[in-house]
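Following: one structure in structure tokens, then a few remarks.
The first residue of the sequence shown is numbered 1, and numbering continues consecutively from there.
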Amino acid sequence: MAQPILRLGVNIDHVATVRNARGGCDPDPIRAAKLAEEAGADGITAHLREDRRHIGDADIEGLMDALTVPLNFEMAATAEMQQIALRHKPHAVCIVPEKREERTTEGGLEVAREENQLAHYIAPLREAGCRVSIFIAADQKQIEAANRIGAQVIELHTGAYCDAHAEGDFKTRDAELEKMRTMSAFAHELGLEVHAGHGLTYETVKPVAAFPEVVELNIGHFLIGESIFRGLTPAIAEMRRLMDEARA
Ligand code: PXP
């Protein structure tokens, strides 16, 4: 049976990180997003953090105007972000946990504990036509809760798997992979669309890309870093090649 297509969402947050290191407008995340689009990205992901440490409000506006591929707008479940999402109505919103002191999104969202609140929070986003995705760990309890609150998509946090690989702890890495394998099948059975991402590299992407239930990977930090050495277009093309190879 032919496998469903695996989309690549390119996260451009860290183009903005470099820009913000100096202020001003270079490098321009919108230009990077357009280039990523031309290089074969199926979507662009951007995380507007509460502290605006990378992507800013004007970037979201610019992306909404410039993109022809869908924008996946990552945001914390705050009233301010809900308003911004309702104003722009991006193709998708991905609800992520956010802590001021973290360097990156460290874990998945605690959906089970906040079920009622989150159900109310995402309802208007769904009504506005956004696909609502919830960034969670590969945990059955969280997946069931994401399904109950009315999310259409879950994105599995691949960070623990990637960290274990980087540390050479292959036992943990393989156990994390196995959890994601089982849980992506479980989520798919419930009728949820399954995405995955965080920390993926050329070395770690293939086993995740091979899960037949996963239809989208969101990848940023590694690709932007790699683009310093080989350029953004070849960096994306290589990721695409590895994903296709894993899927074949
Ligand atoms: N998916 C989600 C929900 C994220 O929060 C992030 C990081 O912003 C990514 C994917 C991409 O992670 P990375 O930049 O490590 O590839």
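Salt-bridge annotation for D139 and K141: absent, with no side-chain N of the basic residue lying under 4.0 Å from a carboxylate O of the acidic one. Electrostatic pairing of K179 and E176 counts as a salt bridge here, judged by a charged N lying under 4.0 Å from a carboxylate O. Using a 4.0 Å cut-off between charged side-chain N and carboxylate O, D59 and R19 make a salt bridge. Under a 4.0 Å N-O distance rule, the pair R181/E213 does not qualify as a salt bridge. We find that R240 and D244 are joined by a salt bridge, their nearest charged nitrogen and carboxylate oxygen being less than 4.0 Å apart. Using a 4.0 Å cut-off between a side-chain N of Lys or Arg and a carboxylate O of Asp or Glu, K206 and E238 do not qualify as a salt bridge.
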For this session: Would you check, one step at a time, whether the test side-chain contact (heavy atoms from CB on, under 4.5 Å) holds for D28 with V15?
Result: CA-CA 7 Å; D28 176 14; V15 179; over 6 Å; no
Problem set entry | Derivation of the salt bridge (charged side-chain N to carboxylate O under 4.0 Å, His left out) call for R230 and E226 | CA-CA 6 Å; R230 54 168 106 194; E226 189 65 13; 2.8 Å; yes
For this session: Any chance you could lay out the side-chain contact (heavy atoms from CB on, under 4.5 Å) test for V194 and V215, step after step, and finish with the verdict?
Result: CA-CA 6 Å; V194 184; V215 296; 6.0 Å; no
Problem set entry | Intermediate values then yes/no, side-chain contact (heavy atoms from CB on, under 4.5 Å), E110 and Q142 | CA-CA 7 Å; E110 182 42 71; Q142 302 299 340; 3.2 Å; yes
For this session: Begin from the C-alpha positions of I236 and L8 and carry the test side-chain contact (heavy atoms from CB on, under 4.5 Å) through to its verdict.
Result: CA-CA 9 Å; I236 291 172; L8 170 60; 3.9 Å; yes
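Looking only at atom types and distance, the side chain of H88 has no donor-acceptor partner in the side chain of E61 under 3.5 Å away. Between N72 and T45, the side chains place a donor N or O and an acceptor N or O closer than 3.5 Å (distance only, hydrogens not considered). Side-chain contact of E167 with H165: a donor-acceptor pair under 3.5 Å is absent, judged by distance alone. In this structure, a donor-acceptor pair under 3.5 Å is absent between the side chains of E50 and T78. Judged purely by distance below 3.5 Å, without hydrogens or angles, the side chains of E114 and N116 never pair a donor atom with an acceptor atom.
Minimum interatomic distance between L6 and V214 (heavy atoms only, all atoms of both residues): CD1-O, 3.4 Å. Shown here for P90 and L71, the closest heavy-atom pair between the two residues is CB-O, 3.8 Å. The two atoms that bring C162 and G199 nearest to each other are SG-O, 3.2 Å, heavy atoms only. Annotation for I44 and A36: closest pair CD1-CB, 3.8 Å, computed over non-hydrogen atoms. Taking each heavy atom of E155 and C94 in turn, the nearest pair found is OE1-SG, 4.1 Å. In terms of heavy atoms, A151 sits closest to I122 at N-CD1, 3.7 Å.
Side-chain contact check for L217 versus H195: every heavy-atom pair is 4.5 Å or farther apart. Side chains of V111 and I136 form a contact here, defined as non-hydrogen atoms less than 4.5 Å apart. Using a 4.5 Å heavy-atom cutoff, the side chains of F73 and M64 are not in contact. At least one side-chain heavy atom of I30 sits less than 4.5 Å from a side-chain heavy atom of L63. Here the side chains of L125 and V93 are in contact, with some heavy-atom distance below 4.5 Å. Contact annotation: the side chain of L86 never approaches that of Q83 to less than 4.5 Å [non-hydrogen atoms, C-beta and beyond]. Counting heavy atoms from C-beta outward, R241 and Y202 have side chains that stay 4.5 Å or more apart. Taking the side chain as every heavy atom from C-beta outward, L223 and V10 approach each other to under 4.5 Å.
Distance check, rounded to the nearest 0.5 Å: CD of Q140 to CD of E144 gives 4.5 Å. T201 OG1 to L242 CG: the interatomic distance, rounded to the nearest 0.5 Å, is 9.5 Å. Rounding to the nearest 0.5 Å gives a distance of 11.5 Å between CG of N20 and NE2 of H14. Atom SG of C130 sits about 9.0 Å away from atom CD of Q152, to the nearest 0.5 Å. Atom CG of D163 and atom NE2 of H198 lie 8.5 Å apart (nearest 0.5 Å).
Below 30°, between 30° and 60°, or above 60°: for H157 and F135 the angle between ring planes is below 30°, a parallel geometry.
In terms of the side chain to side chain contact (heavy atoms under 4.5 Å, CB included) criterion, residue partners of H47 (sequence neighbours excluded) are, by chain and number, D13, R49, H54, E74, V96, E98, T105.
Of the possible donor and acceptor atoms, none in the side chain of T158 sits under 3.5 Å from a partner among the backbone N and O of Y161. In this structure a side-chain-to-backbone donor-acceptor pair under 3.5 Å is present from E37 to V69.
With a 6.0 Å radius and a threshold of 12 heavy atoms from other residues, nucleotides or ligands, E245 has its CD atom above the threshold. Other residues, nucleotides and ligands contribute more than 12 heavy atoms inside 6.0 Å of the CZ atom of R7. For CZ of R87, the number of neighbouring non-hydrogen atoms (other residues, nucleotides, ligands) closer than 6.0 Å is greater than 12.
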